[in-house]
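Contents: one structure, followed by commentary.
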Amino acid sequence: MGVSRVVEDVLRRVSPAPDAEPARPPAGTPGPDAGDLVPQAGTTVPDRPGAVPDAPALRAAFRAAAALRRGKAVHTRGAVVTGEVVRHGLADPVGAPWVDEPGEDRALVRFSRAAGLPRPLPDVLGLAVRVSGPGGEPHDLLMSTTFDAGAGRRVLRPALDWRSGTYSTVAAFRTAAGPLLAGARWRGERFVLAVAAPRGPWRPFAELHLHEDPATAPDRVLTFDPGRHPVPGLAMPPGWARLREPAYAGSRAGRSRHDR
């Protein structure tokens, strides 16, 4: 059974959880050195049994895909660069400190191609951003190329170049202000980071400046996981977590021997 078939089967069997108010981590300005968050080769993040209901078929499918590809099940190859997030915040806050408040964060940024299709073929492109919290804990934000407006923000769209098109988190986070998508778009010499209600306008809150060219940067052994390392105030929807956690665990297990 293919990964897509497994995902569809799990989606049919997963019932939505009640829309409860998410627990909000304490506010604070992220620490200065995100580079310290890069694990050494062979480092894996331990699973958390029982964190969400398991999906053995999905876990097994992603484990097999990761073992076959000798790396992550999807977005296997990429490029990691350093950068800086300059946040100006929002005049009308949404209840997520990292989005609402001004500040500056050093960041690690990974660019990747979901299916690993060779250039110049289009592929769904990934943009992963990691900053560090006041205690050095990582905060991860994952986005992929999608359409720009309305329901299209939840639809993956292949693109040719990392500077082209709109990136979106696809799933809307739970926030004090209601469901919220995060996104990014290349403008001039930097990415503009923004948030939006599922059908509302994009509201810019920060700029992401890259310190290196992704076209010539190497990849690194680095696991981004917004379920375990959420941005303060942006809670992952329970149904999405039910899919992500077993998929991530399977991918980690399948690639672990190749990361050594």
Would a 4.5 Å heavy-atom cut-off, applied to side chains only, mark [X] and [Y] as touching?
X    : Y    : value
V85  : W98  : yes
E104 : E84  : yes
V124 : R113 : no
D105 : H139 : no
T175 : L234 : yes
L156 : T145 : no
D161 : L125 : no
T166 : R157 : no

Next item on the list: Find out if a path of hydrophobic residues (ILVMFWY) with successive side-chain heavy-atom gaps under 4.5 Å connects L142 to L181.
Entry: no
Item checked: Hydrophobic cluster identity match, F224 and V80, side-chain contacts under 4.5 Å -> yes
Checklist line | Pair R185-L193, side chain to side chain contact (heavy atoms under 4.5 Å, CB included): steps then yes or no | finding: CA-CA 7 Å; R185 192 173 180 89; L193 303 182; over 6 Å; no
Heavy-atom pair of closest approach, residues [X] and [Y]:
X    : Y    : result
P198 : R154 : CG-NH2, 3.7 Å
A151 : V155 : O-CG2, 3.7 Å
D140 : D225 : OD2-N, 2.8 Å
P214 : F111 : CG-CE1, 3.4 Å
A196 : W202 : CB-CE3, 3.6 Å
P97  : G95  : CD-O, 3.7 Å

Next item on the list: Just do the side chain to side chain contact (heavy atoms under 4.5 Å, CB included) check on V195 and L90 with the steps written out, would you?
Entry: CA-CA 10 Å; V195 292; L90 293 174; 4.0 Å; yes
Checklist line | Interatomic distance, L141 atom CG to H229 atom NE2 [nearest 0.5 angstrom] | finding: 13.5 Å
Notebook entry, point to check: Rounded to the nearest 0.5 Å, how far does CG of L127 lie from OG of S168?
Noted result: 11.0 Å
Next item on the list: For the pair R110 and R130, evaluate side chain to side chain contact (heavy atoms under 4.5 Å, CB included) and give the outcome as yes or no after the intermediate values.
Entry: CA-CA 9 Å; R110 185 175 190 262; R130 168 171 290 179; over 6 Å; no
Margin query: Under the rule for salt bridge (charged side-chain N to carboxylate O under 4.0 Å, His left out), what residues qualify as partners of D123, not counting sequence neighbours?
Written below: none
Notebook entry, point to check: Counting only N and O atoms by type, is there a donor-acceptor contact under 3.5 Å from the side chain of W186 to the main-chain atoms of G188?
Noted result: yes
Notebook entry, point to check: Would you say the side-chain atoms of R153 and T146 include a donor-acceptor pair closer than 3.5 Å?
Noted result: no
Checklist line | Residues T82 and E212: side-chain donor-acceptor under 3.5 angstrom | finding: yes
Note to self: Ring-plane angle category for W162 and F191, please: parallel below 30°, perpendicular beyond 60°, tilted otherwise.
What the structure shows: tilted
Check: Charged N to carboxylate O below 4.0 Å: is that the case for D100 and R87?
Finding: no
Check: Stepwise, does the side chain to side chain contact (heavy atoms under 4.5 Å, CB included) test hold for D92 with R203?
Finding: CA-CA 10 Å; D92 185 11; R203 301 170 59 194; 3.2 Å; yes
